[in-house]
Amino acid sequence: MIMFITLVFLVMMVTGSFIIMSLRFNEENVRSTDLAFMAQHIHATVIDGAFNSLDLEQSRDHEVLEEVFAGRFSGLVPVFVPSDTEAFLISAESRATLGTTTGNFAFHTSQVVIAALSGEHSFSPWTHHQNHLGQGIYWFEYAMPVFLEGSVLPSYVIYVRSDASDFNDSIGEITQTIFLGVIIAIAMSSILALIFSSSLTQNLLRLNRKIKDFKVGAGSEPIAISTTKDEIGQLTGSFNTMASELDAGMTAITNEKNKMEIIMYNMTDGVLAYDENGILIHSNYAFEELVGTKNINRLDMYEFFAEIGIDFPEGKSIDNMDDSIINLGEKYINVSFNPYKSRDGRIQGVIIVFQDVTKHMVLDNMRKDFVANVSHEIRTPLTTIKSYAETLMDGAAEDVVLRDEFLSVINSEADRMASIVKDLLELSRFDSSRMDFDFKPADLVALVKANVRQHKMSGEKLSKEIDFASNVETAEVVIDPERINQVLDNIITNSFRYSGEGAKIEVEIRESKLFYMVYITDDGIGIPKDDLRQIFERFYRVDKARSRELGGTGLGLSIAKEIMEAHGGRINASSELGRGTTMMLRFPREGEPV
Ligand code: ADP
């Protein structure tokens, strides 16, 4: 607004000044021409006229000449000199005024007269002098030197001046008018500027506010400030285009980020990302779950690795570290270091992946234990067989009683080995899913009852009592009867093995909404609480010596477990040390076995 008003002011001022100056210049030209013409006319009338009227003799007489000049001047000049103009004839020698249309004039103060006295035609505008009434006014002055024949310096000066007051007044009035015009123009332009700028700035301010409020990626509505084709409209349009492009870009980035976050969050492997300065830039949920290091954000990268037990050997840094497995509590975690690089191959940071390998480790340990156990279990009977055979070869065979005894030991150890190998083969078939089942609908009550009956005799021999009870008449299940008999055999044999003389074993069938349960309860030695969970593991025995002595392999319950799981069922044990053990077999009531 200020700029606009300043511009209007300057234009008005320059135009006004130009008008006034050109008026003055024009007036000066006109007046100087008029005055010069007047002076010429006076010269012709007074000087030339005088010479024409005088003879040579008279014209050389100064006094006569001046008298004639004065007479002619006062007689002829006032006739043609207008009232606002004054004319003088001045003698250069005496500095006296020879003729005047008004009164005397102190000509020595006039610059033009002084210039004319030295021989120059001279004009001066706007000179302030008094008039014959003693009023100070502005004049246009013109002085003309008059040279008499043969003289180098002027002998007379014709001095004319015209009143510039009127013109001065009209210039003053014009100036005032222009000044008024400037004020009106400024006032009007101020109002216009106010209206224009307020509409412009209002739109700009609103646009600015909208832009400030505009949130990229929030799907904001386009800004509806102006739909006109002016600059604001174009600016709004450009902004809306830019905003929608930004919005689309942002949405794409956000979607990508969300995807990454979902992936990162749901990854089972822990991930840490450090930048090239060792500043943590990301850690995911799995990392916290797995490693659980608190204040990871505050820990220096190397401090953190020291805390979880990873050292950097000499020559190794974060970008060339090998994978290592750390042990945190019960967990085993594989830590791998993956440096990431920029396009020019510069290392920009490192991504560290924490992978829970506990299962692998446990399985690996189990495999190692299993191999050790198998070797141990086979080696024991083998050693016995070998030593008995050697003793026999050394001559013991000659003693018939000793020979029979040794051969019977060898035979039973061979049986033991055979049963271990048989059990192992069976387990290996389960492991490789090669075990064949002959599933068919069967009555569990009849099957268990028959099995108990079979064991009754052998139980009696060992002075153990076995009873059967059921709260259902029949229990229809889909099973492989031979395998289920194998499970029952194993459990009932265990009850006989791990109980004392006169023990009572109860086999009972119960039903629930979804399952049939077979409970085999003895009042034997029981199983310590800590061992209870492990008795289904391969080769696990609470009392190794006793189990072995009684012909156990430590594989029976693990085979039973595999068989029950193959039926979609379960096997569970509960026990109280010294009081007895209950094994529970659970069969699904309906549907096909898994
Ligand atoms: P084993 O051939 O040694 O009997 P199992 O796999 O059948 O092997 O059983 C594993 C271990 O569980 C046994 O060695 C024994 O210590 C324990 N066990 C199983 N059944 C009973 C039971 N009824 N009473 C006490 N201990 C038992």
Side-chain angles (χ1 to χ4, degrees), residues 366 369-370 372-374 376-381 412-413 415-431 435 448 451-452 455-456 458-459 462-468 483-508 517-566 569-586:
M366 270 170 66
D369 287 353
F370 184 73
N373 278 331
V374 171
H376 181 76
E377 292 298 330
I378 305 272
R379 203 181 54 208
T380 315
S412 77
E413 289 299 307
D415 282 349
R416 217 172 110 66
M417 267 174 62
S419 79
I420 291 177
V421 171
K422 185 183 125 278
D423 284 355
L424 281 174
L425 280 173
E426 205 156 312
L427 278 171
S428 108
R429 277 211 292 278
F430 276 112
D431 290 346
M435 182 60 102
V448 177
N451 192 288
V452 170
H455 282 94
K456 227 171 170 71
S458 51
L462 297 163
S463 39
K464 322 235 164 167
E465 197 186 320
I466 180 161
D467 290 317
F468 172 77
R483 296 276 169 215
I484 296 304
N485 270 323
Q486 188 185 344
V487 173
L488 289 168
D489 288 348
N490 181 266
I491 292 172
I492 294 170
T493 313
N494 276 351
S495 297
F496 289 165
R497 268 185 202 150
Y498 305 108
S499 60
E501 251 182 59
K504 253 178 110 67
I505 292 106
E506 277 169 25
V507 180
E508 197 187 346
M517 280 86 66
V518 182
Y519 294 90
I520 302 105
T521 309
D522 63 57
D523 54 1
I525 59 168
I527 303 165
K529 220 177 180 167
D530 292 344
D531 298 285
L532 207 53
R533 270 200 315 151
Q534 283 152 283
I535 56 169
F536 298 102
E537 286 173 17
R538 294 170 190 191
F539 291 115
Y540 192 86
R541 286 172 292 197
V542 179
D543 183 344
K544 277 199 171 71
R546 179 170 186 158
S547 158
R548 222 173 270 146
E549 198 180 301
L550 297 167
T553 58
L555 294 171
L557 284 182
S558 35
I559 293 173
K561 185 169 173 252
E562 297 282 357
I563 293 174
M564 284 312 290
E565 281 172 3
R570 279 185 75 168
I571 178 165
N572 263 340
S574 61
S575 180
E576 208 175 318
L577 194 62
R579 288 255 170 132
T581 306
T582 300
M583 302 298 277
M584 188 269 280
L585 303 177
R586 197 181 75 183

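Any value given below was found using the heavy atoms of this structure, including those in side chains, with hydrogens, waters and symmetry copies removed. Computed from a prediction, not measured in an experiment: that's the story for all the values here. Ligands are counted one by one from 1 in listed order, and the atoms in each one are counted from 1 as well.
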Query raised in the report: Should the pair Lys504-Asp467 be classified as a salt bridge under the 4.0 Å nitrogen-to-oxygen rule?
Result: yes

**Report entry** Salt bridge Arg541-Glu377, side-chain N to carboxylate O under 4.0 Å
**Finding:** yes

Are [X] and [Y] packed together at the side-chain level, in the sense that at least one heavy-atom pair is separated by less than 4.5 angstrom?
{"X": "Phe539", "Y": "His376", "value": "no"}
{"X": "Thr581", "Y": "Thr521", "value": "no"}
{"X": "Ile563", "Y": "Gln486", "value": "yes"}
{"X": "Leu585", "Y": "Ile491", "value": "yes"}
{"X": "Met584", "Y": "Ile520", "value": "no"}
{"X": "Arg538", "Y": "Phe370", "value": "yes"}
{"X": "Ile505", "Y": "Phe468", "value": "no"}

Query raised in the report: Tell me the salt bridge (Lys or Arg N to Asp or Glu O under 4.0 Å) pairs involving residues 417-427, sequence neighbours left out?
Result: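 For residues 417-427, and leaving out neighbouring residues, the salt bridge (Lys or Arg N to Asp or Glu O under 4.0 Å) pairs sorted by first residue read Glu426-Arg483.
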
Is the closest N or O pair between [X] and ligand 1 shorter than 3.5 Å?
{"X": "Ile527", "answer": "no"}
{"X": "Val542", "answer": "yes"}
{"X": "Asn494", "answer": "yes"}
{"X": "Arg541", "answer": "no"}
{"X": "Gly552", "answer": "no"}

Query raised in the report: Is Gly554 near ligand 1, meaning one of its heavy atoms is under 4.0 Å from it?
Result: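 The answer is yes, since Gly554 has a heavy atom less than 4.0 Å from ligand 1.
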
**Report entry** Test item, Arg497 contacting ligand 1 (heavy atom, 4.0 angstrom)
**Finding:**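 Checking ligand 1 against Arg497, which is what was asked, there is a heavy-atom contact under 4.0 Å.
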
Query raised in the report: What do we get for Thr493 next to ligand 1 when only non-hydrogen atoms under 4.0 Å count, side chain, backbone, both or neither?
Result: neither

Query raised in the report: Any idea which part of Asn490 is under 4.0 Å from ligand 1, heavy-atom wise: side chain, backbone, both or neither?
Result: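 It is the side chain that gets close, since no backbone atom is under 4.0 Å.
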
What is the nearest protein non-hydrogen atom to [atom], stated with its residue, atom name and distance?
{"atom": "atom 3 (O) of ligand 1", "value": "Ser547 OG, 2.6 Å"}
{"atom": "atom 12 (O) of ligand 1", "value": "Ile535 CG2, 3.5 Å"}
{"atom": "atom 5 (P) of ligand 1", "value": "Leu557 N, 3.6 Å"}
{"atom": "atom 23 (N) of ligand 1", "value": "Asp522 OD2, 2.9 Å"}

Report task. List every atom of ligand 1 that sits less than 4.0 Å from any heavy atom of Thr581, numbering the atoms from 1 in the order shown and giving each element. Result -> 22 (C), 23 (N), 24 (N), 25 (C)

Query - Atoms of ligand 1, numbered as shown, that sit under 4.0 Å from any heavy atom of Thr553 - result: 2 (O)

Query raised in the report: Nearest non-hydrogen atom to atom 25 (C) of ligand 1 belongs to which of Tyr540, Phe539, Tyr498?
Result: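 Answer by nearest heavy atom: Tyr498.
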
